[in-house]
Amino acid sequence: MAVTGVAAKRFPQASGIVYGGTAAACALVALWAVLRLGGGGAADTLVLPVGLPWIQAHLRADALSAFFLLVVNFGGVTASLFGWGYERAHRDHHGGPVLPLYPLFLAGMNMVLIADDAFSFLVSWEFMSLASWLLVLSTHREPETPRAARIYLIMASFGTACLLLAFGLLATDHGDYSFDAIRSHAPSATAAALGVILVLMGAGSKAGVVPLHVWLPLAHPAAPSHVSALMSGVMTKVAVYAMIRVLFDLLGEPDWWWGGIMLAFGAVTAVMGVLYALMQDDLKKLLAYSTVENIGAIVIALGLALVFKASHTPVIAALALAAALLHVVNHSLFKSLLFYTAGAVLTATGTRDLNRLGGLIHKMPTTAFLALIGAAAISALPPLNGFVGEWLLFQAILNAPALPEWSLKIGIAVVGALLALAAALAAACFVRLYGTAFLGRPRSFAAEEAREVGWAMRLGMAVPALLCVVLGVLPTPIIRLFEPAVRLMVEAGPFDDRAYQPWFWLAPTSAIGNSYNGLILLAVIALLSILLVVVIHRRASDRVRWSIPWGCGFEGPDPAAVTQYTPSSFGQPIRRAFGSTVFRARDHVDMPEPGDTRPARLSVTWTDPAWVAFFAPIGKVVDWLADRANVLQYMTIRRYLTLMFLALVLLLVMVAVTQQ
Amino acid sequence: MIDLGYDAAHMLGAVVLLMSFALLYQRRLFSLLRVFTLQALALTATAAWQAFSHGEPHLYITALLTLSLKAIVMPVALHRIIVKMNIHRTIEPALSIGLTMVAGVSLVTLSILLVLPVTADATALTRENLALSLSVVLLGLLMMISRRNAVSQVVGFMSIENGLILAAVGVAGMPLVVEMSIAFSVMVAFIIFGIFLFHIRERFDTLDMQKIESFRGESD
């Protein structure tokens, strides 16, 4: 398929073949995953005689792999569909080769999920990273891309290095790198502790956990929109898979502080992610930061599951893990959907700047409606799927008093409060996004001239939107579907099978008697909405409306002259409240003197604390070391020989000394 | 008989090592070449003696190769190059002779300390031979870095090869192919060095490495 992609330059129909082929392949794998999960998710193993001669490549698909395969490949199906339309719309100025790399990227993610030894896992992981890096580079003509790609490459190498070291530590005692061997030999306490931290750093940097998130909002938006959707909605899930695989499966019995670390970083990630998102004016960057927030929520859920697993309350752990996995599904759906709508907006208007959008609901009604579903779902509004995920997560958090450690009892309450804050801020963030991009009046001629996008793109958006609604109303079947994965990881399921459990009723065992019924909620919300509409139409629409004849320029043809709420003004209260301390955000007002005709300007500056605290100093140290090492570049031949000689003698001396 | 074989082989190996030391303190190019010839002759004798005492005829070929290439062709060729190019005949050491000798002695100590414990279960001859050849290799390297003249660096390189061959003939069962390839690699290295020297000479009018280094744009 990649070969077909290479040929795409010459044959215009190759795009259809590539995207059609990936869609079909992904659909097949997704279907297979559903059947596996439905059949109880027994493990399938396969040993391929490739790779290093004495290691070979072990492949294995158990329930957890099958679940993530489903998530990845479903994302692949919709992305292929959307990408086909997107490529056609962008044919004239498409910057680089996407077609050959796109199938490779999908294949890399699939390979990570079925790898069963550290070697093939790391190779697939790096394969996935490099393929996505090249996809980011495919838009290399845009000014921001080279920097984004460079930072992404550095962070990806860093993550892989961490994972490499982690697997090395876990396999030290026996030297066998297959996951079976690691699973059966519990590593020593220090090796396990170091391994956990390294895995959290490695997988966390790929998932975008603060403070290792810096590459994510640069690289994800830089790629073409369907690839952004895959990177944000799906590739981060592969990182979550790596965390679950190592922490729940390979390392055996967990320690409670592993979960504690994840809870702390997850909470920081959730709040920081959404605060970043609130200050963005770039549509896709905003979505990428919102991915950071959602990853924070997933990491919190995983941390809870680990903590409960360590304290031997597997039923609650199952609830938390089910919340994490459900949120994985949900986020892959609505984040893909939102990136697709961003891509549609980009196709229609040629800009991602919120300050230049507006009023798109009149020009692109389908896209606007689907974006509304996505925004509502990600803001966790009932009866959509985002709400169910967060509801489950909060049920798990409310179980915190069952834990023995006091620090966790109090700490989880704090985490819960931060998560609630993040959820509320996320809602504000997406009101801001939707309000400025789709409502109001156009802020530029490009937005004025926007047209609805083609059927393939609309279909690509409609499928995840539909699923957002379906999963929100009927979450139980999907939770039933991935129950084998939960059972495999924490030896308990979220449901009590002895009690009566109808398929439309979500009542987890440990939810302290709470239950959720999407159907009732849907009915109530529908009823209330109809009532509201009726009342508004009765009481408001019939009134005679008065407006000022000259309308303050509001009827004028120049959209730039329209004075309306901007995204910055919408974000200002929150920026004032949080940003001034966390981000050192400052507003500068440049007011001209009376009599001066130039316009007054308000500019906002802010800094990323992660850059200031971590990355700038590291960069300085690296530069300094590089300067010192530069001397080595300019030595004479004799000096080089001397260095080699001394190194040889030193090694020989070491050998001689260690033999004594 | 076995005692005699061991003693003779040991002595010949020691002569090779002694010549390595002698190479280190030569101040004139021609005497350097003469010492190098002596070392090659000692090596030839070692190989021939091993062939005779162990009854391994292929070592005679090694001896012949060493004799023809290292003891005759190369010294003569280098001699002709020196005469033809009218090279300055004294060698400027980068490290004083006394210090070089001290370093050489400590290298020999190091290699004996290193090799003897490692090969505790090998035969006495193999152990001695390995220690001697490792010393020769290290001394060759030391010579390459302690001399400023390109010709003496070539000689240092050749004496490293001598050390390798000394190890090769000492270890029983070394296949002929390996020796042949070592001999050929020495040939190739010599040809490359020859061309290299001519080119350096043509371009810079000197073979003193210190003067050549100043031609490099980036050096200080």
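Bear in mind the structure is a predicted one, so any value in this text is a computation, not a measurement. Letters go in sequence order (proteins before strands), and every chain restarts at 1.
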Q) What closest approach, in Å, do F645(A) and L138(B) show between heavy atoms, and which atom pair accounts for it? A) CE1-O, 3.6 Å
(Q) Would you say that more than 12 heavy atoms from the other residues, nucleotides or ligands in this model lie under 6.0 Å from the CZ of F614(A), or not? (A) no
Q) Any idea which heavy atoms bring A656(A) and L114(B) closest together, and the distance? A) N-CD1, 3.4 Å
Q) How about R60(A): does its CZ atom have over 12 heavy atoms from other parts shown lying under 6.0 Å from it? A) yes
Q. Between atom CD1 of I145(B) and atom CE of M644(A), what is the distance when rounded to the nearest 0.5 Å?
A. 10.5 Å
(Q) Working to the nearest 0.5 angstrom, can you tell me the gap between L641(A) CG and L142(B) CG? (A) 11.5 Å
**Q.** Enclosure of R628(A) CZ (heavy-atom neighbours >12, cutoff 6.0 Å)
**A.** yes
Q: Take atom CZ of R183(A) as the centre, draw a 6.0 Å sphere, and report whether it contains more than 12 heavy atoms from other residues, nucleotides or ligands.
A: yes
